[in-house]
Amino acid sequence: MKPKPGMIKATSGYERFVHWMLAISCLLLCYTGLGMMFESLNFLGVIMGGLKGLKVVHNFTAIIFTVALILAIQMWWREAGIFVFPEDWEWIKAAGGYLWKVDHVAEVGKYNPGQKMFFLTVALFGALMVVTGFFMWLQPAFLPIEALRWMYPLHVLGFVVIFAFFFIHLYLGTIGSPGSLPAMTNGWVTRAWLKKQHPKWLKEMEHEGTLVVYKGGDKKKV
Ligand code: HEM
């Protein structure tokens with residue numbers, strides 16, 4: 001969708017590319033993983049030529065996911081991986097104003113503590129998935145069989161955690177917080193959304209003169 005004049009640039013093309021590379025590969029891994037794990041879901045493999053197809057797609061996608069995860073951690077760890085006190089703690093105590101009525105929600109930076117928790121979950125459990133997955137795939141001779149056996153339940157644990165958090169993220173990135181999705185589609189958001197979701201970040205950009213406003217066909221810094 002084309003941005004409207006007055007909208008503000010929230011994400012770069014690179015940020016969106018890494019996000020979707022991570023998101024699509026993660027969802028494809030969930031799809032193929034579920035199809036292999038439960039007999040009742042084996043039918044998910046029909047479009048991939050059966051169980052063998054699911055395995056090939058799963059392993060190949062794991063390589064893309066690994067690259068995307070490294071790029072995402074490198075891109076987001078400063079903004080989404082570190083809690084800032086006291087404001088993040090104030091935000092957590094009020095649950096960001098999402099769960100009950102709060103008169104004042106602490107102003108936090110580009111990512112709020114809820115988003116930071118999601119990022120950290122993806123980073124930590126994503127890394128667990130990569131490590132356990134590659135050990136199960138390659139079964140290196142140096143790894144004792146007892147350790148190899150642990151990789152299976154740990155891989156399932158990582159899946160359960162990421163899959164559960166994904167639905168919260170999906171809800172908050174779409175209908176739960178209207179106006180968020182464009183941040184990850186065309187990159188332009190409204191000033192009202194920024195003021196509500198990321199007030200401190202808006203002030204920082206205004207203060208530093210890095211705010212990019214859409215002027216209708218032509219971008220301008222103000
Ligand atoms: C397909 C459904 C998805 C949608 C609609 C979606 C939407 C979004 C949106 C709108 C944002 C920006 C939020 C903001 O700036 O306030 C975002 C950020 C992010 N997304 Fe997604 N996303 C999806 C899937 C995923 C998946 C599967 C992953 C990880 C495996 C993921 C990881 C992230 C991370 C780490 C961020 C930045 C930090 C954060 O908001 O927690 N997304 N997403």
Side-chain angles (χ1 to χ4, degrees), residues 1-30 61-84 87-88 91 96 106-127 129-130 162 165-166 168-222:
M1 209 183 77
K2 237 184 128 216
K4 292 192 180 79
M7 287 183 114
I8 294 165
K9 190 103 196 136
T11 52
S12 66
Y14 175 72
E15 208 169 337
R16 296 195 299 280
F17 171 76
V18 172
H19 174 264
W20 289 117
M21 184 176 169
L22 182 73
I24 293 167
S25 59
C26 175
L27 294 178
L28 194 54
L29 285 169
C30 293
T61 311
I63 298 169
I64 299 175
F65 177 78
T66 305
V67 175
L69 187 68
I70 293 168
L71 296 179
I73 293 173
Q74 187 222 9
M75 175 174 80
W76 276 323
W77 74 270
R78 274 189 208 89
E79 290 165 336
I82 301 171
F83 287 90
V84 182
E87 65 248 42
D88 277 355
W91 190 99
E107 293 193 356
V108 291
K110 182 169 178 184
Y111 291 109
N112 66 46
Q115 291 178 301
K116 287 180 183 178
M117 283 176 216
F118 177 64
F119 166 77
L120 289 170
T121 303
V122 170
L124 294 175
F125 285 89
M129 296 309 272
V130 168
I162 292 179
F165 267 73
F166 162 67
I168 303 172
H169 178 68
L170 180 64
Y171 172 71
L172 290 175
T174 53
I175 51 171
S177 166
S180 294
L181 193 58
M184 281 303 165
T185 52
N186 61 14
W188 297 94
V189 295
T190 62
R191 186 180 280 266
W193 178 83
L194 258 183
K195 214 169 177 176
K196 185 166 177 261
Q197 295 294 326
H198 307 281
K200 196 175 159 199
W201 184 37
L202 176 63
K203 280 182 194 157
E204 276 165 11
M205 287 193 290
E206 279 171 335
H207 182 73
E208 291 159 8
T210 50
L211 200 71
V212 180
V213 182
Y214 189 72
K215 297 274 181 187
D218 163 44
K219 295 180 252 173
K220 249 190 201 157
K221 276 191 182 179
V222 291

Would you please name every residue forming a side-chain hydrogen bond (donor to acceptor under 3.5 Å, both in side chains) with W91, sequence neighbours left out?
-> none
Between F165 and M117, which heavy-atom pair has the shortest distance, and what is it?
-> CE2-O, 4.5 Å
Between M21 and A68, the two heavy atoms sitting closest are CG-CB, 3.7 Å
Please walk me through it: do S177 and Q197 pass side-chain hydrogen bond (donor to acceptor under 3.5 Å, both in side chains)?
-> CA-CA 9 Å; S177 166; Q197 295 294 326; 3.2 Å; yes
In short, L170 meets T174 closest at the heavy-atom pair O-OG1, 2.6 Å
Do the non-hydrogen side-chain atoms of P113 and V108 ever get within less than 4.5 Å of each other?
-> yes
Gap separating the OH atom of Y14 from the CG atom of L71, nearest 0.5 angstrom = 4.0 Å
Check the pair W193, M7 against side-chain contact (heavy atoms from CB on, under 4.5 Å), reporting the backbone distance first and the verdict last.
-> CA-CA 10 Å; W193 178 83; M7 287 183 114; over 6 Å; no
Just by distance, do the side chain of T11 and the backbone of A183 share a donor-acceptor pair under 3.5 Å?
-> yes
Taking atom CZ of F17 as the centre, does the number of heavy atoms from other residues, nucleotides or ligands within less than 6.0 Å exceed 12?
-> no
Should we count NZ of K110 as having more than 12 external heavy atoms under 6.0 Å?
-> yes
Derivation of the side-chain contact (heavy atoms from CB on, under 4.5 Å) call for F65 and L22 = CA-CA 6 Å; F65 177 78; L22 182 73; 3.7 Å; yes
For M184, does its backbone N or O pair with a side-chain atom of W20 as donor and acceptor, under 3.5 Å?
-> yes
Verdict with reasoning, L211 to R191, per side-chain contact (heavy atoms from CB on, under 4.5 Å) | CA-CA 11 Å; L211 200 71; R191 186 180 280 266; 3.7 Å; yes
Supply the atom-to-atom distance I73 CD1 to L124 CG, rounded to the nearest 0.5 angstrom.
-> 8.0 Å
Heavy-atom distance under 4.5 Å between the side chains of H169 and F119, does that happen here?
-> no
What closest approach, in Å, do R16 and G187 show between heavy atoms, and which atom pair accounts for it?
-> NH1-CA, 3.3 Å
Side chains of M205 and T210 in contact at under 4.5 Å (non-hydrogen atoms) = yes
Rounded distance (nearest 0.5 Å) linking atom NE2 of H198 with atom OG of S180 = 6.5 Å
Which residue pairs satisfy the side chain to side chain donor-acceptor pair (under 3.5 Å) criterion with at least one member in residues 111-121, sequence neighbours excluded?
-> E15-Y111, W76-Y111, D88-K116
Check whether any side-chain heavy atom of W188 sits under 4.5 Å from a side-chain heavy atom of V212, and report yes or no.
-> yes
Taking atom OH of Y214 and atom NZ of K9, what is their separation to the nearest 0.5 Å?
-> 10.0 Å
So how far is it from E206 CD to E204 CD, rounded to the nearest 0.5 Å?
-> 11.0 Å
How long is the span from the CG atom in L28 to the OG1 atom in T61, to the nearest 0.5 Å?
-> 4.0 Å
Knowing that exactly one of I64, I162, V122 qualifies, which makes a side-chain contact (heavy atoms from CB on, under 4.5 Å) with C26?
-> I162
